[in-house]
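Since this is a predicted model, take the numbers as computed values, not measurements. So that the names make sense, note that chain A is the first sequence line, chain B the second, and so on, each numbered from 1.
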Protein chains: 2
Amino acid sequence: MQKNIKRMATMQRMQVTGLELFYKNGFYNTSVDDILKELDLSKGAFYYHFDSKEDFFIQIIENLLVRKVYSMLIEPVEGHSNTTDLIMKCYDDALETAVHNEMDFGFVLGNFIGEFNGRNPKIMKHLNDIIRIWEVNLVSVIQRGKFEGHIDRHADAEGVALFIMSSFMGVRTLMVETAPSARKYRFMSQLRVFLKSIENKQPVL
Amino acid sequence: MQKNIKRMATMQRMQVTGLELFYKNGFYNTSVDDILKELDLSKGAFYYHFDSKEDFFIQIIENLLVRKVYSMLIEPVEGHSNTTDLIMKCYDDALETAVHNEMDFGFVLGNFIGEFNGRNPKIMKHLNDIIRIWEVNLVSVIQRGKFEGHIDRHADAEGVALFIMSSFMGVRTLMVETAPSARKYRFMSQLRVFLKSIENKQPVL
DNA sequence: AATTCTACAAACCGACGAGTCGGTCAATAC
DNA sequence: GTATTGACCGACTCGTCGGTTTGTAGAATT
């Protein structure tokens, strides 16, 4: 059983640094050797654990990306306070990690979609699955907000979800290299304006 | 003078197909040979006209990208009707070309920024210049809207501009592969909601 | 008519990248 | 104590890619 632990540990290490480098340099622009150099491991080790670079990346998606999206973009909005407050807090936190140049997974997702779109349908499918999970969750959160009286019942939940996701992914692109902190602040203000505009004007008391 | 015309024609052909392929497959994932194959030209022709692949790309930015952004995202909002109407029409048109899978340059920009970020500062500078032009223009259009009484004078022009640009670039990412037409419609509806919320409530008559 | 220059063609180079394969070595099984 | 297996090493293959060099048909110049 001990070996299985070692196996898992090595695979985990590879995946973590793999995601880091793929995020920084892109998938096609990061060689397997780049990853291995960082870990003092050899080609043999890599291809002992993974079938191919593509297989490796898919396992990264399943093991790391999905979970991070859950913990950063899904679970935080599933609390029971006011819907718009939850959403504001969630994306404020997500953008804060972005300001500090850490991996925020909305951007990671957007980048990878840009990179694989039209080039690798297999990987695109996995990435789209994550987007769909994110979207479904946001839609249901907004619908819950409508039921609970926080959000105007005339609001289009799918539209609102799409708009939030879009603007979030977009602002991440605009935050690279130009005043990330100021742009975060401006963005959050406008997101609040938008969310205010779909709040229920006759709140349930 | 005739030779200069031929020279320009060949360079133009290279740049146009270059941009197309870079857009479809990414810069690093498109080889110079890929472009030349499409045009029945040889390496010699390419390196006769351009110093390097990077120089080639920078010329594409200056000659094609900048102009397209002007004609698609800047000039359309510089008319003299109602500001929000102009903005709506402009981004509706831009997303329509996106639906038809043609090159829309907001997405092109976003993709390239993702690809070059942290890897090629020189090219990043050129791309950021375009973003800045786009942003400055949007901000001034919104400020004009405030002066002319279409837009609430309390609105934060920089914030609104950023929010529009962000959401536009983001929705483009989400339009690839999943219901582009439906998402365009939903997005435009929400953009209208947002723009309504910053319209001047006591319009000048 | 001879020469020079333009606009390419074609072969080639060195570096790099994914994937392979024979070998190693420690741990475990018997 | 020997056989087996899991985890890994590192050299090698083969294709690709950015860039170079040499050559040359035809236009322009003299």
Task: DNA chain D contacts made by residues 113-120 of chain A, counting heavy atoms under 4.0 Å - done: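 DNA chain D contact set from residues 113-120 of chain A: none.
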[X] [atom1] to [N] [atom2], straight-line distance once rounded to whole Å:
X: A:Arg7; N: D:dT5; atom1: CZ; atom2: C1'; answer: 13 Å
X: B:Phe50; N: C:dT6; atom1: CZ; atom2: P; answer: 17 Å
X: A:Leu39; N: D:dC8; atom1: CG; atom2: P; answer: 11 Å
X: B:Leu36; N: C:dA10; atom1: CG; atom2: C1'; answer: 13 Å
X: B:Lys37; N: C:dA10; atom1: NZ; atom2: P; answer: 15 Å
X: A:Asp55; N: C:dA18; atom1: CG; atom2: P; answer: 14 Å
X: A:Tyr48; N: C:dG22; atom1: OH; atom2: P; answer: 17 Å

Task: Residues in salt bridge (Lys or Arg N to Asp or Glu O under 4.0 Å) contact with B:Glu54, at least two apart in sequence or another chain - done: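 B:Glu54: salt bridge (Lys or Arg N to Asp or Glu O under 4.0 Å) contacts with B:Lys122.
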Open item on the list: Using OP1 and OP2 only, check whether a side-chain N or O of A:His49 sits under 4.0 Å from D:dA7.
Closed with: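 The answer is no; no side-chain N or O of A:His49 sits under 4.0 Å from OP1 or OP2.
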Task: Test: B:Arg183 and A:Glu135 ion pair at under 4.0 Å - done: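 Answer for the salt bridge query: yes.
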Can you check whether [X] and [Y] have ring centres sitting under 6.0 Å from each other?
X: B:Phe56; Y: B:Phe46; result: yes
X: B:Phe194; Y: B:Phe163; result: yes
X: B:Phe116; Y: B:Tyr28; result: yes

Open item on the list: Side chains of A:Arg132 and A:Asp129, heavy atoms from C-beta outward: is any pair under 4.5 Å?
Closed with: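 In contact.
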- [ ] Using a 4.0 Å cut-off on protein heavy atoms (strictly under), produce a 5'-to-3' string for nucleotides 14-27 of chain D with B for base contact, S for backbone-only sugar-phosphate contact, and - for none.
- [x] ---SBBB-------
TODO: Please say whether more than 12 non-hydrogen atoms of neighbouring residues, nucleotides or ligands are located less than 6.0 Å from OH in B:Tyr185.
DONE: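 Not buried by this count: 12 neighbours or fewer within 6.0 Å.
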TODO: Would you check, one step at a time, whether the test side-chain contact (heavy atoms from CB on, under 4.5 Å) holds for A:Lys53 with A:Phe22?
DONE: CA-CA 11 Å; A:Lys53 195 185 174 189; A:Phe22 288 150; 4.0 Å; yes
Open item on the list: Closer than 3.5 angstrom, by distance alone: can the side chain of B:Asn63 be matched with the main-chain N or O of B:Gln59 as a donor-acceptor pair?
Closed with: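 Yes; at least one donor-acceptor contact below 3.5 Å.
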